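Input: a single structure, listed below in structure tokens.
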Amino acid sequence: MTEPIRSRSPQNPDDIVAEHAPVAPDEVRRLAASARAAQGEWRRAGAAEHASALRGAADRLRARADSVADLVVREVGKPVTEARAEVGRAAAILDYYAQSCFAATGELLAPSLPADQPGLLFTERRPRGVAGLVTPWNFPLAIPLWKAAPALAAGNAVLLKPSPEALACAEVVGRLFDGLLPDGLLRVVPGGAATGRAVIAAADVVSFTGSAAVGAEVVVAAARAGLPVQAEMGGQNAAVVLPDADPATTAAMLARAAMGYAGQKCTATRRIIVVGDAAPFTEALVAAVAALPVGDPARAGVEVGPVISAAARSRVVDAVDAARAAGGRLLTSGRPRDGAFYVAPVLLDQVDPAHPVAREETFGPLATVFSAPDPAAAVALANDVRYGLVTSVHGRDVGMLLEAARGVDTGLIRVNAPTTGVDFHAPFGGEKASSHGPREQGSAALDFYTSVRTVTLAAPPPPARPVEEAA
Ligand code: NAD
């Protein structure tokens with residue numbers, strides 16, 4: 001008998017939020033077959049019906065916004081202000097893809113036909129079939145929906161394999177569509193790696209968000225099966241602070257970007273690279289980090305709650321110990337706090353940029369401060385990791401800002417804005433080990449969940465003229 005998977009509240013680990021038997025691979029195959037059967041009906045239903053289902057789900061989510069936000073707080077420890085913002089964003093994502101159902105789905109081109117044979121050459125986008133979506137726990141509504149909404153808008157069926165740590169939120173996502181879609185079109189299939197692998201094997205298109213290690217495995221499995229695949233993975237994001245940046249406001253922005261939600265965002269700032277003398281800025285940063293309210297994420301105003309699990313907390317503590325053993329200096333307390341999975345924000349400096357703590361993602365409230373002699377050296381240091389998700393650059397001189405931004409090797413560049421924060425209507429994704437395949441979100445997502453057919457439609461050729469007439 002397989003052990004059920006359970007999600008626990010990180011601020012109160014005795015609180016089991018949801019429990020489910022992992023969906024077995026055979027069952028995944030059966031659900032994929034029924035989703036594929038429902039997909040034909042859904043594709044034929046057309047744009048107005050697709051839009052109406054997505055709007056219906058958005059309305060349902062807004063009507064339950066407070067209770068869903070409370071569930072997000074409880075299940076993944078997201079501070080309540082951010083949890084409410086995620087609910088709002090999830091509803092807006094549904095609205096956005098509802099209106100996108102009416103966008104043009106092809107282009108008209110000049111056909112190469114004989115002069116006496118009028119015709120059209122056009123492209124049309126067709127849904128791919130069953131979208132296999134594998135998602136992490138940290139944005140338990142927004143990420144499943146920014147994959148599922150464009151997939152559904154384009155006429156696909158969906159199998160969603162959520163993170164075991166965000167089971168209850170995934171069930172909410174599934175229920176938003178109850179009665180709005182053909183039976184079996186969208187299925188939530190809880191489970192771990194085996195269920196995830198089965199979803200990929202059963203899908204026609206695969207979208208993954210999670211760690212770089214799992215993402216690499218997903219990409220290989222999908223490629224072997226000949227499936228289109230996109231994978232959004234980790235980041236080791238840098239913020240470059242130019243000498244004319246205002247220390248207090250920039251430090252406050254970076255403290256939040258690094259430590260908000262206990263640093264559990266792929267876009268969190270992990271490395272702060274100060275151009276010139278780092279001491280005054282570091283002092284401002286330490287003060288800004290110390291000022292962040294840490295504690296129960298359900299309490300209004302708290303910005304740093306617990307990390308997701310005991311294992312995640314150990315990873316932060318171990319990373320700090322390893323960095324200190326190698327000469328790193330701890331600028332804040334950085335120790336586990338009493339109870340649950342809390343760990344106080346950790347700022348380090350004097351870390352060798354080649355040390356793993358500087359190069360690899362520790363998915364928690366941990367950031368390292370470096371200094372660089374000039375902007376070019378800061379950009380080189382920012383780029384010197386295998387990841388390439390997002391970089392922020394801070395300062396006033398537009399020329400210097402643009403020069404630094406131009407050199408940065410990431411998919412997202414934020415000038416005088418935190419590395420965190422994503423616009424769902426703009427393409428989202430990284431370079432290097434952070435991403436594989438086409439971008440997510442915006443109209444790029446609709447492209448990904450469809451394939452292009454090129455159609456030549458010609459009038460029947462004119463009848464051959466009788467021989468005597470021709471003479
Ligand atoms: P994870 O890689 O451990 O798990 C992600 C999902 O993959 C889960 O649903 C998991 O059950 C499933 N999975 C695990 N092994 C699998 C396998 N072999 N085959 C198929 N599926 C498998 O990640 P996580 O801990 O849930 O999330 C944190 C990570 O996600 C961080 O690295 C973070 O940077 C990244 N992330 C990236 C983005 C982005 O858009 N770039 C956004 C959010 C989170």
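In this text the structure is predicted, and so the values were computed from the model without any measurement. Indexing begins at 1, ligand by ligand and atom by atom, following the structure's order.
Considering only non-hydrogen atoms, atom 34 (O) of ligand 1 lies nearest to Glu361 out of Gln264, Glu232, Lys161, Glu361. Among Phe208, Trp146, Phe428, the residue whose heavy atom lies closest to atom 40 (O) of ligand 1 is Phe428. When the options Ala193, Gly411, Pro136, Gly210 are ranked by their closest heavy atom to atom 29 (C) of ligand 1, first place goes to Gly210.
For ligand 1, the atoms lying closer than 4.0 Å to a non-hydrogen atom of Trp137 are 24 (P), 25 (O), 26 (O), 27 (O). Near Asn138, meaning under 4.0 Å from one of its heavy atoms, ligand 1 places the atoms 43 (C), 44 (C). Residue contact check: Pro164 has heavy atoms under 4.0 Å from atoms 11 (O) of ligand 1. Each of the atoms 6 (C), 7 (O), 9 (O), 12 (C), 21 (N) of ligand 1 lies under 4.0 Å from some heavy atom of Val134. Which parts of ligand 1 touch Gly196 is read off a 4.0 Å heavy-atom cut-off, strictly below it: atoms 20 (C), 21 (N). Under a 4.0 Å criterion applied to the non-hydrogen atoms of Ser163, ligand 1 contributes the atoms 9 (O).
Distance from atom 22 (C) of ligand 1 to its nearest protein heavy atom, with residue and atom name: Val214 CG1, 3.6 Å. Ranking protein heavy atoms by distance to atom 2 (O) of ligand 1, first place goes to Ser211 OG, 2.6 Å. With hydrogens left out, the protein atom closest to atom 38 (C) of ligand 1 is Cys266 SG, 3.0 Å, a heavy atom. Here the heavy atom of the protein found nearest to atom 28 (C) of ligand 1 is Phe363 CE2, 3.8 Å. When only non-hydrogen protein atoms are considered, atom 8 (C) of ligand 1 lies nearest to Thr135 O, 3.3 Å. From the protein, the heavy atom lying nearest to atom 41 (N) of ligand 1 is Met233 O, 2.7 Å.
By the 4.0 Å heavy-atom criterion, Ile143 is counted among the residues contacting ligand 1. Ligand 1 lies out of reach of Phe139, whose nearest heavy atom is not under 4.0 Å from it.
Every N/O-N/O distance between Ser434 and ligand 1 stays at or above 3.5 Å. Inclusion of Glu217 in the set of residues having an N or O under 3.5 Å from an N or O of ligand 1 is warranted.
Taking 4.0 Å as the cut-off between side-chain N and carboxylate O, Arg406 and Glu403 count as a salt-bridged pair. A salt bridge is absent between Arg8 and Asp14; no separation between the charged side-chain nitrogens and carboxylate oxygens falls under 4.0 Å. Electrostatic pairing of Asp15 and Arg6 does not count as a salt bridge here, judged by no charged N lying under 4.0 Å from a carboxylate O. The pair Arg315-Glu361 does not count as a salt bridge, with every side-chain nitrogen at least 4.0 angstrom from each carboxylate oxygen. One finds no salt bridge joining Arg439 and Asp447 here, because no Lys/Arg side-chain nitrogen approaches an Asp/Glu carboxylate oxygen to under 4.0 Å. Taking the charged nitrogens against the carboxylate oxygens, Arg175 and Asp178 have no contact shorter than 4.0 Å, which rules out a salt bridge. Salt bridge status for Asp409 with Lys432: present, with a side-chain N to carboxylate O gap under 4.0 Å.
Between the side chain of Gln264 and the main chain of Ile308, a donor-acceptor pair closer than 3.5 Å is present. Using modelled atom types, one side-chain atom of Ser9 and one backbone atom of Arg74 make a donor-acceptor pair closer than 3.5 Å.
With no hydrogens or angles considered, a side-chain donor-acceptor pair links Glu360 and Tyr387 at under 3.5 Å. Between Thr195 and Lys161, the side chains place no donor N or O within less than 3.5 Å of an acceptor N or O (distance only, hydrogens not considered).
Under 4.0 Å from ligand 1, the heavy atoms of Pro162 that appear belong solely to its backbone. Residue-level proximity to ligand 1 for Thr209 is carried by backbone and side chain together, each with a heavy atom below 4.0 angstrom.
Residue Arg128 places its CZ atom among more than 12 non-hydrogen atoms of other residues, nucleotides or ligands, all under 6.0 Å distant.
Less than 4.0 angstrom separates atom 4 (O) of ligand 1 from none of the non-hydrogen atoms of the protein.
In this structure, His355 has no ring-ring contact (aromatic ring centres under 6.0 Å, His included) partners at least two apart in sequence or on a different chain.
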